[in-house]
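Here the structure is laid out as structure tokens; the discussion comes afterwards.
It should be emphasised that the depicted structure is a prediction, and the values quoted were computed from it without experimental measurement. Starting from 1, each residue takes its place in the sequence as its number. Hydrogens, waters and symmetry mates play no part in the numbers below; they use all other heavy atoms, side chains included. As the structure lists them, so they are numbered: ligands from 1, and atoms in each ligand from 1.
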Amino acid sequence: MPTAIHTIDVNYLNTPGAIASYIVIGPGGDPVMVETGPGCAVEGLVAGLKELGFRPRDVRDVLVTHIHFDHAGAAGWMAREGARIHVHEFGAAHLVDPTRLVRSAERIYGDRMGVLWGELIPVPEKQVRPVYDGDAIDAGGLRFRAIETPGHARHHHAYGLETEDLGRVAFTGDAAATFVEEAPGFISLPTPPPEFELAAWISSLDRLGEEGLDRIYPTHFGVVEDVPGHLTRVKQTLRDHAEFVRRQIDAGHDHDTIVERYTNWFLDHAAATALPEPKVGFYVKDTMASMNVSGMMRYWAKMAERMTT
Ligand SMILES: [Zn+2]
């Protein structure tokens, strides 16, 4: 049986094409899940599995690229169905006890947390498999490989997979930013505080470039065929965003003013690259802009501190 990768659109808050869960079916026919989507989208996840002919309890192994809610929010739910959860060594403890994770997200999302992400169920420790850089993960008769890719978050892996029929592919989480099929020139970069690191992210993109991948699967959203082109665009966009915010800081603007200017500038990019209107909320506005500005302001403050000490 050839290896197959299926994309489940969890239909996050009724936004199609926003958050994916990937189901990889190996030689034995067993499904491996990469990314769970958030707790509030479990219904969409289950529906997607059903369409492929699976029940949640058929999934024995779940790989998550990092512990943010849009990627691993339903990990506890999948664990309850019996799955093992493979997660970055730094993220493992936070899936077992999500208290700190929730508290830090509350700082970004405030009282909209429940609506935006749903319930976060702890993963029993015995079902967590901490993953280290370069680890081989055997699941569903396939061998995945962990590729450490910090920058968006310190605790981030991409998962490489190489098979005869697929060639070399990788599930890139947020490390290769976003891809919108209808607007391939549009890139959205989540740069959340406190872990966003420009230089680390650029190195991660270089590392992904060196992998010689035939295709990548960002969680937001779907398959990217032109890997070098996409990675180059992401790198440029990343530099542009960081530079834009740095110039605003240098001009003495405060956080709210920078958010306003950044949003307008980003909306211009969305318009220039023909991002379809229903996706503007998810990829540009909503909480994205203020989160991004906070992450980048914190990064530049850290850099300035390093220069003076
Ligand atoms: Zn993330």
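- The minimum heavy-atom distance between H156 and H152, with the atom names listed, is CD2-CD2, 4.2 Å.
- H152 contributes atom NE2 as its closest N/O/S atom to the Zn ion (ligand 1).
- Using a 4.5 Å heavy-atom cutoff, the side chains of H6 and I25 are in contact.
- In this structure, the side chains of E197 and P150 stay at 4.5 Å or more apart for every pair of heavy atoms.
- The atom of H66 nearest to the Zn ion (ligand 1) is NE2, with the search restricted to N, O or S atoms.
- D70 lies apart from the Zn ion (ligand 1) in this respect, since none of its N, O or S atoms is found at a distance under 2.8 Å.
- Taking backbone and side-chain atoms together, H68 has an N/O/S atom less than 2.8 Å away from the Zn ion (ligand 1).
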Do H157 and T65 pass the side chain to side chain donor-acceptor pair (under 3.5 Å) test, and can you show the C-alpha distance, the side-chain angles, and the key distance before you say yes or no? CA-CA 5 Å; H157 280 133; T65 58; over 6 Å; no

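- In D174, the N, O or S atom that comes nearest to the Zn ion (ligand 1) is OD2.
- Judged by distance alone, the side chain of E195 and the main-chain N or O of R154 form a donor-acceptor pair under 3.5 Å.
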